Amino acid sequence: MPDYTFFDNVYDVVRQIPKGRVTSYGAIAAYLGSKQSSRIVGYAMMACGTANPPVPAHRVLNKQGLLTGKFHFGGDTMEQMLQSEGIEVIDNQVQNFKAIFWDPAIELAL
DNA sequence: CCAATGACGCTAG
DNA sequence: TCTAGCGCCATTG
C-alpha cells in the first residue's frame, strides 16, 4: 500500500458523510485544496475498493448530483444503497440533491 | 523519467 | 440553451 495522503483525506471526508446525505467530488476537492483536484477525488473513489475500510463512495456524486460512478459499483447497486438510506434516485439523478447535499467545507468546518 | 489514464469541472463557441 | 474542448493533480505502466 502506497503512501496515502490525498486519498486518505478524501476517504476520511467521505466516511464522515452522514447517512441520508450526499456530497460532490468538487466539494471534497475544494475542501482539500481546490476544485481543480476534482479529478483526483474521482480517482480516489475509483480506488476506494482498495481503501481500508472501504468508503461509502455511493454517497459521492458529481456537481449535478448524478450517479456518475454507479457503473463502477456494478449495476444499480449505488442507487439501491442510496434509496436504502432514504435518498430518492431517479434516472441516476438524486432528487432533492441540494437539500441533502453535505458540504465538508461547512460541516467539517464546525 | 516520460506518457497515458481517470467515478470532474469550467470556459468557450 | 446545448455541445465540445481544455485543464487540473495523482496514480500506474
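In this text, all values refer to a predicted model and were calculated from it rather than measured experimentally. To find a chain, count down the sequence lines: A is the first, B the second, and so on, and within it residues start at 1.
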Between A:Ser24 and A:Val60, is there a side-chain heavy-atom distance shorter than 4.5 Å?
no

Taking only N/O atoms, report every protein-nucleotides 10-13 of chain B pair under 3.5 Å with atom names and distance.
none

Test salt bridge (Lys or Arg N to Asp or Glu O under 4.0 Å) on A:Glu85 and A:Arg21 and set out the steps.
CA-CA 8 Å; A:Glu85 297 188 352; A:Arg21 296 289 141 120; over 6 Å; no

From CG of A:Leu67 over to P of B:dC8, roughly how many Å is that when rounded to an integer?
11 Å

Partners of A:Phe97 by ring pair (Phe, Tyr, Trp, His ring centres under 6.0 Å), sequence neighbours excluded?
A:Phe101

Under 3.5 Å donor-acceptor pairs involving side-chain atoms of residues 72-81 of chain A, not counting sequence neighbours:
residue	atom	partner	partner atom	Å
A:Asp76	OD1	A:Lys70	NZ	2.9
A:Thr77	OG1	A:Gly74	O	2.8
A:Glu79	OE1	A:Lys70	NZ	3.0

Going by heavy atoms in the side chains, are A:Pro56 and A:Arg15 under 4.5 Å from each other?
yes

Rounded to whole Å, how long is the line connecting atom CD of A:Gln64 with atom C1' of C:dT3?
13 Å

How close or far is atom P of C:dT11 from atom OH of A:Tyr11, stated in whole angstroms?
10 Å

For A:Asn62, all residues meeting side-chain contact (heavy atoms from CB on, under 4.5 Å), sequence neighbours excluded:
A:Tyr25, A:Gln64, A:Leu66, A:Thr68

Taking the side chain as everything from C-beta on, heavy atoms only, tell me whether A:Val14 gets closer than 4.5 Å to A:Arg59.
no

Near DNA chain B, which residues from residues 79-86 of chain A have a heavy atom under 4.0 Å away?
none

Nearest whole angstrom, please: distance from the P of B:dC8 to the CG of A:Leu32.
16 Å

Taking the side chain as every heavy atom from C-beta outward, state whether A:Val22 and A:Ile17 have any atom pair closer than 4.5 Å.
no

If you define the side chain from C-beta out and look only at heavy atoms, does anything of A:Leu61 sit under 4.5 Å from A:Leu82?
yes

Distances for protein N or O near nucleotides 5-7 of chain B N or O, under 3.5 Å:
residue	atom	partner	partner atom	Å
B:dG6	N7	A:Arg39	NH2	3.4
B:dA7	OP1	A:His72	NE2	3.4
B:dA7	O5'	A:His72	NE2	3.4
B:dA7	N7	A:Met45	O	3.4
B:dA7	N7	A:Met46	N	2.8
B:dA7	N6	A:Met45	O	2.7
B:dA7	N3	A:Tyr25	OH	3.2

Is there side-chain contact between A:Gln95 and A:Val89, with at least one heavy-atom pair below 4.5 Å?
no

